[in-house]
2 protein chains.
Amino acid sequence: MEVLAAVFTTRPRADGTLDLDVLLWQRAMDPDAGRWALPGGVVGPDEDVDQSARRQLADKVDLTRVAHLEQIGVFSDPGRVPGARVVATGFLGLVPLGAEPSLPPDTRWHPVAALPPTALDHGGITGRAAGRLRAKLSYTNIGFALAPAEFTLATLRRVYAAALGHDVDPTNLHRILLRRGMLEPTGTTAPPGPAGGRPAALQRFTVSELRVTDPFAAFRPPDRPA
Amino acid sequence: MEVLAAVFTTRPRADGTLDLDVLLWQRAMDPDAGRWALPGGVVGPDEDVDQSARRQLADKVDLTRVAHLEQIGVFSDPGRVPGARVVATGFLGLVPLGAEPSLPPDTRWHPVAALPPTALDHGGITGRAAGRLRAKLSYTNIGFALAPAEFTLATLRRVYAAALGHDVDPTNLHRILLRRGMLEPTGTTAPPGPAGGRPAALQRFTVSELRVTDPFAAFRPPDRPA
DNA sequence: CGGGGTTTTCGACTTATAATCGAAAACATG
DNA sequence: CATGTTTTCGATTATAAGTCGAAAACCCCG
């Protein structure tokens, strides 16, 4: 029994936009030596898989500030690794923008849109994790785990755009997150950029743990509060 | 490594409404002798957990017509069972209304709303599975796995009401499922009940595998098709 | 065979939420 | 202080869901 974590963050690109990256380390030994793998390892006898995933990230890639970590599924194909059968629990992890830890050698962030050759089934696990992230961005407050503690709406827009893979409308983003009570202004403003312009109000997420908004109010009972 | 499946179906109650039930068997041996447990068992060396769950259901409770089966998570607390640590993968299974198989002795359907004393952590797993079912009813076509092949809108309403735990509006149910392209009329009608009344048009789900409707179109890019 | 009772179906309206657009606000620079 | 830039927000439109009630289509009974 092992755990494998696809840890994502967004990192600045040259053109000012952000890129969705996943943390991978390059295998030195066979099988799949030279290919890139997800961090993880064997689950200890006195920990559950969630604790184990946290521990492995701290131990192996010095990653202690994972803002969110959740199971995405069990990968148990008998042939997923050569030799004896190893069952893996896959995780989705998120690190806020700008909170990247110093990485050990052989460990690097890679753009999810252009993965290097991946080891074993780690590419598939990464894809599943990215899909889960994209889905949850639209009906949960999971953005808190990708955004910095305080941020401008323009920054949040770039974070969402990077994770979703398409541009988002800033008016909608603001109004929807406000309506759901996920966002609130800090009261302070960020200094304007080099080109001037109105200074942006700093925002924060109201809660820093996963909250689900009713995906659909559909079929709602007559008397239930909205 | 074991699998445990919370298999649900809806069954008629005396008052004409439906009840959401889960399949449990009564343990004869310790630990937790006499308490009720989820069907499942140890994963074999040449099968993955999904195949294993299907096999166990077929072998142990003669359940071959599970219309839907999906992972809901890994349960790995070192103390979840006495003795050596056993990691379990939990599953949500669904059986259509009226498709109940003949059950082995010691195996019975129990109302989810009033579970008998459950073994180990099986009550918690059942709760998680029920929550997943309720969530997916509102943004997927998962109803196909609870409804018969053909059904009237009134029946579907009762199925949804049982699974969700609250009444649903038939007009909304119809219009929403139609709009999403999940439902279509068969062209035939069901005979009216003993009290007469307009005969109901028979309906069916258009697809019989899980389809997710965009939970939110939120943040949609300007040019993406709806 | 026509009226009253029953159930289903659907149109019409209201409300809630999201998408789009553009103008106003608030700053920097020359 | 005029001009350019970025942010913010109000106004409008579009889409989806919730609510209501009437019409449709059947039964039974007198």
Side-chain angles (χ1 to χ4, degrees), chain A residues 16-17 137-139 150-161 164 166-203 213-226, chain B residues 16-17 137-139 150-161 164 166-203 213-226:
Chain A
T17 64
L137 274 176
S138 52
Y139 67 94
E150 300 191 350
F151 48 86
T152 69
L153 209 55
T155 299
L156 189 64
R157 174 195 189 180
R158 281 188 283 268
V159 170
Y160 270 70
L164 289 173
H166 62 75
D167 198 12
V168 298
D169 181 81
T171 298
N172 257 333
L173 186 63
H174 191 194
R175 199 165 27 80
I176 291 174
L177 294 185
L178 267 187
R179 175 197 293 280
R180 295 182 190 163
M182 293 176 175
L183 211 62
E184 68 184 4
T186 66
T188 56
T189 62
R198 175 174 177 172
L202 286 173
Q203 318 274 337
T213 66
D214 260 347
F216 275 102
F219 324 132
R220 178 193 294 147
D223 57 332
R224 203 177 64 178
Chain B
T17 64
L137 274 175
S138 52
Y139 68 93
E150 300 190 350
F151 48 87
T152 69
L153 208 54
T155 299
L156 189 64
R157 175 195 189 182
R158 281 188 284 268
V159 169
Y160 271 70
L164 289 173
H166 62 74
D167 199 13
V168 297
D169 182 83
T171 299
N172 257 333
L173 186 63
H174 192 194
R175 200 162 31 83
I176 291 174
L177 294 184
L178 268 186
R179 175 196 294 278
R180 296 183 190 163
M182 293 176 174
L183 211 64
E184 68 184 4
T186 66
T188 56
T189 61
R198 175 173 176 172
L202 286 173
Q203 318 275 337
T213 66
D214 260 346
F216 275 103
F219 325 132
R220 178 194 295 147
D223 57 330
R224 203 176 64 178

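Proteins get letters first, then strands, A, B, ... in listed order; numbering begins at 1 in each.
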In whole angstroms, how far is the [atom2] atom of [N] from the [atom1] atom of [X]?
X        : N      : atom1 : atom2 : answer
A:Leu202 : C:dC27 : CG    : P     : 13 Å
A:Arg158 : D:dT7  : CZ    : C1'   : 12 Å
A:Phe151 : D:dT6  : CZ    : P     : 21 Å
A:Leu173 : C:dA19 : CG    : P     : 11 Å
B:Leu156 : C:dT8  : CG    : C1'   : 14 Å
A:Asp169 : D:dT15 : CG    : P     : 16 Å
A:Met182 : C:dT17 : CE    : C1'   : 14 Å
A:Gln203 : D:dT8  : CD    : C1'   : 10 Å

- Query: So, is A:Asn172 close to the C:dA19 phosphate, meaning a side-chain N or O under 4.0 Å from OP1 or OP2?
  - Reply: yes

- Message: So, does A:Arg157 get its side chain near the phosphate of D:dT8, meaning an N or O under 4.0 Å from OP1 or OP2?
- Response: no

- Item | Donor-acceptor pair under 3.5 Å, A:Arg175 side chain vs D:dG10 base | no

Nearest to the side chain of [X], which nucleotide is it out of [options]?
X        : options                : value
B:Ala201 : C:dT9, C:dA25, C:dT17  : C:dT9
A:Arg198 : C:dA24, C:dT9, C:dT17  : C:dA24
A:Ile176 : C:dA26, D:dG18, C:dA18 : C:dA18
A:Pro199 : C:dA18, D:dT8, C:dC27  : C:dC27

- Considering all heavy atoms of both residues, which atom of B:Gln203 and which atom of B:Thr186 are nearest to each other, and what is their separation? C-CG2, 3.9 Å

Would you say that [X] contacts [Y] through its side chain, given a criterion of any heavy-atom pair below 4.5 Å between the two side chains?
X        : Y        : value
B:Thr189 : B:Leu202 : no
A:His174 : A:Leu177 : no
A:Leu183 : A:Leu153 : yes

- A:Thr171 near the nucleic acid: base, sugar-phosphate alone, or nothing, with a heavy-atom cut-off under 4.0 Å? base

- Query: Taking for each residue the nucleotide of DNA chain C with the nearest heavy atom, is it A:Thr189 or B:Leu153 whose nucleotide lies nearer the 5' end?
  - Reply: B:Leu153

- Using 4.0 Å as the upper bound for N to carboxylate O, is an ion pair formed by A:Asp169 and A:Arg157? no

